[in-house]
*Asks:* 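Okay, here's the structure, questions in a sec.
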There are 2 protein chains.
Amino acid sequence: MTKLTDVARVAGVSATTVSRVINNYGSLSEKTKQKVYAAMRELNYQPNSLARSLQGKQTKLIGVIFSGVSNPFFGEMVEELENQLFSKGYRVILCNAADDKAKERDYLRMLMANQVDGIIAGAHNLGIEEYHQVGLPIISFDRYLSDNIPIVSSDNYRGGQAAGEALLAARVQHPVIITGQQQPNSPTNQRLSGYQAVLSAKDVALDQWTLAFGMSPTLKMMRIRQLLTTHQPDGIFCTDDLTALLVLQAAKQLNIAVPQALKVIGYDGTRFIQAYHPELTTIMQPITDIVTLMVELLLQRIADPDCQLETSYTLPIKVITGTSTAAIS
Amino acid sequence: MTKLTDVARVAGVSATTVSRVINNYGSLSEKTKQKVYAAMRELNYQPNSLARSLQGKQTKLIGVIFSGVSNPFFGEMVEELENQLFSKGYRVILCNAADDKAKERDYLRMLMANQVDGIIAGAHNLGIEEYHQVGLPIISFDRYLSDNIPIVSSDNYRGGQAAGEALLAARVQHPVIITGQQQPNSPTNQRLSGYQAVLSAKDVALDQWTLAFGMSPTLKMMRIRQLLTTHQPDGIFCTDDLTALLVLQAAKQLNIAVPQALKVIGYDGTRFIQAYHPELTTIMQPITDIVTLMVELLLQRIADPDCQLETSYTLPIKVITGTSTAAIS
DNA sequence: AATAAATTGTCAAACGTTTGACAATTTCAA
DNA sequence: TTGAAATTGTCAAACGTTTGACAATTTATT
C-alpha cells in the first residue's frame, strides 16, 4: 500500500508538505500543490482513512439501522439514504436489526467501536435507555427514542384521516382497519387515531384487526381470508401496502370484486407500488423528503453536537388514488 | 471514550495484560482474565477498531457493491449478505453503484482507503481493468471480472431452457423474450442462449425485445403495450420478474386474458414474488445458496489471499409454477 | 526448599496520519 | 538591496492499539 511518505518521495517534498496539501493547511504554492497532486495520481494514492480517523478526523461513516431492506419501503428509504449520504461524502454501514433486540444492541456497540460519525435509526426493537447512552449524533425515523434525538416522520395522523375519509367517501358501511402491533412511542400509532377520529365523527363503528409486522405473508394471508369470509367488510384500510396486496389477492381468490364489493386502501406509496400496483389507492409517505431532512439534521448534529433541534419533524403525506377505492357508477 | 488504559487502571493490571486478554495472547491466569472482563463490562469498553486495524488487525468490514437495493431481488440478496456476514463477525459497507461508472470507481477507491477486508461485487458498470488492480479479495456475482475473481451465479443457461420449455409445453406458438441489454461478460446472457436453444430445437422462431435495465417502469410499460398490440404474442418470457409484472398489468389493461390468450413467465423468483405474486410462473435463483457460497469463498480468500478457487461457480435454479402459464382445459 | 514453569509487568516500537512549533529558505515588492 | 511575507522543511507528539523482548514476580512440582 502506497503511503504518504511515498508520495513525498516521488513529489520531491517533505511528508509534512504532502499532508498540508491533502488537508489544505498552512500556506502552499500552486507549484508544489500540483507536484503533489501529480505524485498522488501517479501512485494512485489514497490516504489511509483509519490513520486519519485515529488522528481525529471524521470517519465519514454513518450507521443506518433498519429492520431489513427486502421490504420495498425500507429498501427505497435505504437506497435514498445511501444516495444522499454518498453525495455528501459519507458512506453507509448497513445494519439490519431484523426485529432482534440483541442484534440491534450488538450493532450499536459496533458502531461506537467503529467510531461512526452518526446514526440513522429506523429499527425499533430497543428501548430508550440503550440509545440514550450512545453519545453519538442520532436521528430517528418514526420512533421516539429520547428527548435529545429528533424524530422524523410523515403525518401519520393525517394519513389515517385521509384513509378513513377515502373509505367513507366511497360509501363504505363496514370498514376494517388492519394494523401492525401497536408499538410504544411510535408515531405510526397515529394512523389508527386519525382513522378512528374520522369514523367516529360519522358514527361508523371501529373494527380493528392486528397482524404482527413480522408475521409471514402466508400466515397473514390465512388470517385475511378468514377476516374476509367471516366479517364480510366492504372496505379495508391496511397500514402498509404489502398487507393491502395480500387483501387484493385474497379478494380475488374469494371472488370478491374490488372495488365493487370491497374497497381497499394501503399505506406507504413507494415507487414500487406506484409502478407495479397503480390500481391500489394508498397514502404516500414522502421518502425523498424524509431522507433529505434526516440527512440534513444528522449533518447539523455532526457539525455541532450541541445544536438545538426540534424533538419532532412531521412531513405531509399525499393520497394516491387508484381504482381500488373507485366509486361504482 | 473509555480506552484500554482505563480498563487496566480499573482492573488493577497493566495495559499490556488487558491487550493480552483481548487478543488471547501470551499466558494468562483465569483470575486476571475475569478481573479484566469485569472491568471491561463495568466501563462498557469497546476496543477502538480504528486503532486495532491500523496496527494490523482486520477491519471486519466488507464492501458490498450493488446497483441499488430497491429492486427486491437485490434487496433480498443484500439482506441475506448482511445477515450471513454479520453472523461471521463482519459488517457491511453498502455501496450503491446505481449504473454509474464514476460512482462505482469512487466506491472502489473508498473501499481501499477504508481498508475493507474484502468486496462482494454485484454491480457491473466497470470494466475488468479497474477491478483487476484493486488487490483485495473479491467475489463477483453474475459477471466475469478477472481470471482471479471467482464468479458465482445460478444456472442461467438452464434457467433459459426451463423458461422456453415451459412456454412450449403450454403450446405457445409465437413467444417473445424480453431481455435487458446484453452486457459483455455477463452470465445472464446465457438465459437467452438457453431459451434460444430450446426454441430452435422445435423450430420456433426467436422473437427478442430489449428493454434497458435502467429504463423507468412507465416507459417500459409503454413499450410492452406496444409489443402486445402490434406483435400479438401468445407467450412472453421476461428475464426478470418485475418486467413480467408489467406484462401482466399491461395484459389486464388491454383485456388480454392470462393464461388463456397469453402465457407469461418471469425470472428471479424472490420471496417477494412468491408471496405477493404466486400467480406468476418464474425461474427461481437460489439467493440463500448464492450468498452462502459467496460469503464462504470470500472468507476463504481473506484467510488465505493466495488460495486457489474456481473461476466460476454455478448453482441450480428451480422452476416455480404459477397460473400464468397454466394450460387451458 | 529448590527449581522449573507460569504469570505479569515494564518498556518501546510500530501502524499512517495530522498538526503544531520553529527554523530555513525562497519570493516579492518597494 | 533590504526587509517582510510566503513557502517549505525538520522534528516530534499524538491518536489507541498490538506485540515483541526482557525482567520480575508468583505458583506449582518435586
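Quick caveat: nothing in here was measured; it's all calculated off a predicted structure. Lettering of chains follows the sequences in order, A, B, ..., and the numbering in each one begins at 1.
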*Asks:* Tell me, please, which residues at least two apart from A:Arg20 pass side-chain hydrogen bond (donor to acceptor under 3.5 Å, both in side chains).
*Replies:*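 Result, side-chain hydrogen bond (donor to acceptor under 3.5 Å, both in side chains) vs A:Arg20: none returned.
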*Asks:* Might you point out which heavy atoms bring A:Ala123 and A:Tyr131 nearest each other, and give the distance in Å?
*Replies:*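 Looking at all heavy atoms of both residues, the closest pair is O-OH, 4.3 Å.
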*Asks:* Going 5' to 3' through nucleotides 9-17 of chain D, assign each nucleotide B (protein heavy atom under 4.0 Å from a base atom), S (under 4.0 Å only from sugar-phosphate atoms) or - (no protein heavy atom that close).
*Replies:* BBB--BBBB
*Asks:* Can you name the side-chain hydrogen bond (donor to acceptor under 3.5 Å, both in side chains) partners of B:Ser29, sequence neighbours left out?
*Replies:*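 Only B:Thr32 meet the side-chain hydrogen bond (donor to acceptor under 3.5 Å, both in side chains) criterion with B:Ser29.
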*Asks:* Should B:Ser29 be listed as having a side-chain N or O under 4.0 Å from OP1 or OP2 of C:dA6?
*Replies:*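 Result: no.
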*Asks:* Please confirm whether the shortest side-chain N or O distance from B:Lys57 to OP1 or OP2 of D:dT19 is below 4.0 Å.
*Replies:*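 Affirmative; the distance criterion is met.
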*Asks:* Rounded to the Å, how far apart are B:Asn24 CG and D:dT19 P?
*Replies:*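 Rounded to whole Å, this separation is 11 Å.
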*Asks:* Given atom OH of B:Tyr25 and atom P of C:dT7, what is their separation to the nearest angstrom?
*Replies:*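 In whole Å, C:dT7 P lies 15 Å from B:Tyr25 OH.
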*Asks:* Which residues satisfy the ring-ring contact (aromatic ring centres under 6.0 Å, His included) test with B:Phe86, sequence neighbours excluded?
*Replies:*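 Applying ring-ring contact (aromatic ring centres under 6.0 Å, His included) to B:Phe86 gives A:Tyr107.
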*Asks:* Sugar-phosphate atoms are those with a prime plus P, OP1 and OP2; base atoms are the rest. Using that split, label each nucleotide of nucleotides 23-30 of chain C B, S or - for protein heavy atoms under 4.0 Å, 5' to 3'.
*Replies:* --------
*Asks:* How are the rings of B:Phe66 and B:Phe74 set to each other: parallel, tilted or perpendicular (split at 30° and 60°)?
*Replies:*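 Taking B:Phe74 first and then B:Phe66, their aromatic rings sit tilted (interplane angle of 30° to 60°).
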*Asks:* Could you verify whether a donor N or O on one side chain and an acceptor N or O on the other, from B:Gln58 and B:Tyr90, lie under 3.5 Å apart?
*Replies:*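 Side chains of B:Gln58 and B:Tyr90: pair found under 3.5 Å.
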*Asks:* Need one value for B:Thr32: base, sugar-phosphate or nothing, where a base atom within 4.0 Å counts as base even if backbone is also close, heavy atoms only.
*Replies:*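 It contacts sugar-phosphate atoms only.
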*Asks:* Does a side chain donor of either A:Thr59 or A:Gln115 reach within less than 3.5 Å of an acceptor in the other side chain?
*Replies:*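 The criterion, which ignores hydrogens and geometry beyond distance, is not satisfied for A:Gln115 and A:Thr59.
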*Asks:* ring-ring contact (aromatic ring centres under 6.0 Å, His included) with B:Phe272: which residues, sequence neighbours excluded?
*Replies:*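 Partners of B:Phe272 by the ring-ring contact (aromatic ring centres under 6.0 Å, His included) criterion, ordered by chain and then number, come out as A:Phe272, B:Tyr276.
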